[in-house]
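Here's the structure, in structure tokens; my notes come after.
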Amino acid sequence: MAHIVQSLDLPSNYKDSQSRVDRQRQNELLAHSTTLYVGNLSFFTTEEQIYELFARCTSPEDGGGIKRIIMGLDRNTRTPCGFCFVEYYTHAEALASMRYISGTKLDERIIRCDLDLGYKEGRQFGRGKSGGQVRDEHRQDYDPGRGGWGAQAQRNEIERRRQVEERYADAQDGPGAVASGGGEWKQVEGPVTSLKRERSPDNGDEGERLAQRTRLDENSEAERL
């Protein structure tokens with residue numbers, strides 16, 4: 001039965017594209033590796049949570065334990081992007097973590113563990129075009145634990161909105177467009193003139209003469225009576 005059921009502590013066939021070793025040399029290094037690559041983490045999983053989980057496979061009585069944890073970071077924002085490296089003191093502890101922790105849930109996500117050649121400075125940053133992991137570049141599903149939509153889908157949505165805004169701006173500036181703002185028509189050049197007819201200076205003298213004539217007529221009528 002041993003040849004039917006695959007052992008849970010065997011490394012995958014993954015080969016780091018930036019490593020300068022051939023497959024045979026890689027297998028030799030993995031046979032003594034004390035470093036694990038942990039993937040499919042939530043962006044919100046903390047280093048303390050990872051330490052608590054992976055410390056369960058340590059053997060302090062044999063001089064083991066977790067040496068360090070290196071969180072994977074977005075190259076641009078320097079925020080967690082869903083992976084980390086867990087470095088033990090012994091190879092046996094790394095194998096135990098692959099056997100008992102890989103495939104279990106952390107923050108409601110099934111995490112994956114694999115033996116790694118060893119951490120080197122710079123490997124903590126994502127290699128995707130947007131700064132995160134490559135797998136999140138082309139992801140088409142919505143994953144709230146890993147930033148929502150994939151980076152490519154987000155770029156497509158931003159471009160679509162930009163095109164809509166440009167078409168809307170062209171429609172506002174084109175012929176037959178409805179003016180916006182509602183305040184431009186109130187701006188009138190030059191002095192504002194009233195439509196009410198003003199009284200001329202002569203009108204006052206003419207009125208006085210009419211009043212005098214009316215009084216003379218009344219006096220004449222009185223004398224007649």
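Hydrogens, waters and symmetry mates play no part in the numbers below; they use all other heavy atoms, side chains included.
In this structure a side-chain-to-backbone donor-acceptor pair under 3.5 Å is missing from R123 to G72. With Q124 contributing its side chain and G122 its backbone, the two residues share a donor-acceptor pair below 3.5 Å. A donor-acceptor distance shorter than 3.5 angstrom exists from the side chain of D114 to the backbone of S12, with no hydrogens or angles considered. A distance-only check finds no donor-acceptor pair linking the side chain of T79 to the backbone of D74 [under 3.5 Å].
In this structure, the side-chain contact (heavy atoms from CB on, under 4.5 Å) partners of E108, at least two apart in sequence or on a different chain, are K105. The salt bridge (Lys or Arg N to Asp or Glu O under 4.0 Å) check on D22 picks up nothing, with sequence neighbours excluded.
Contact of the T45 side chain with the R109 side chain is not registered, since no non-hydrogen atoms from C-beta on lie closer than 4.5 Å. Counting only heavy atoms from C-beta outward, the side chains of I50 and C84 approach each other to under 4.5 Å. Inter-residue side-chain proximity for I101 and L36 is flagged as unmet; no heavy-atom pair is nearer than 4.5 Å. Residues I66 and Y88 have side chains in contact (heavy-atom distance under 4.5 Å, counting atoms from C-beta outward).
Applying the ring pair (Phe, Tyr, Trp, His ring centres under 6.0 Å) definition to pairs two or more places apart or across chains, those involving residues 143-162 are Y142-W149. Residue pairs that meet the ring pair (Phe, Tyr, Trp, His ring centres under 6.0 Å) test with at least one member in residues 111-130, sequence neighbours left out, are F85-Y119.
Crowding of K15 atom NZ: a count of heavy atoms from other residues, nucleotides or ligands under 6.0 Å exceeding 12. Within 6.0 Å of atom OH in Y100, 12 or fewer heavy atoms from other residues, nucleotides or ligands are found, so the atom counts as exposed in its surroundings.
Rounded to the nearest 0.5 angstrom, L30 CG and L10 CG are separated by 11.0 Å.
Between R146 and D141 no salt bridge is recorded (no basic side-chain N to carboxylate O distance below 4.0 Å). A salt bridge links E166 with R162; the closest basic N to acidic carboxylate O contact falls under 4.0 Å.
In this structure, I158 stands alone, with no Ile, Leu, Val, Met, Phe, Trp or Tyr side-chain heavy atom under 4.5 Å from its own, directly or through other members. By the 4.5 Å side-chain criterion applied to Ile, Leu, Val, Met, Phe, Trp and Tyr, L8 is assigned to no cluster and stands alone.
Looking at every heavy atom in both residues, R23 comes nearest to N13 through NH1-O, 2.9 Å. F43 approaches P80 most closely through the heavy-atom pair O-CB, 3.6 Å.
E137 and S130 are linked by a side-chain donor-acceptor pair at a separation below 3.5 angstrom, with hydrogens and angles left out of the test.
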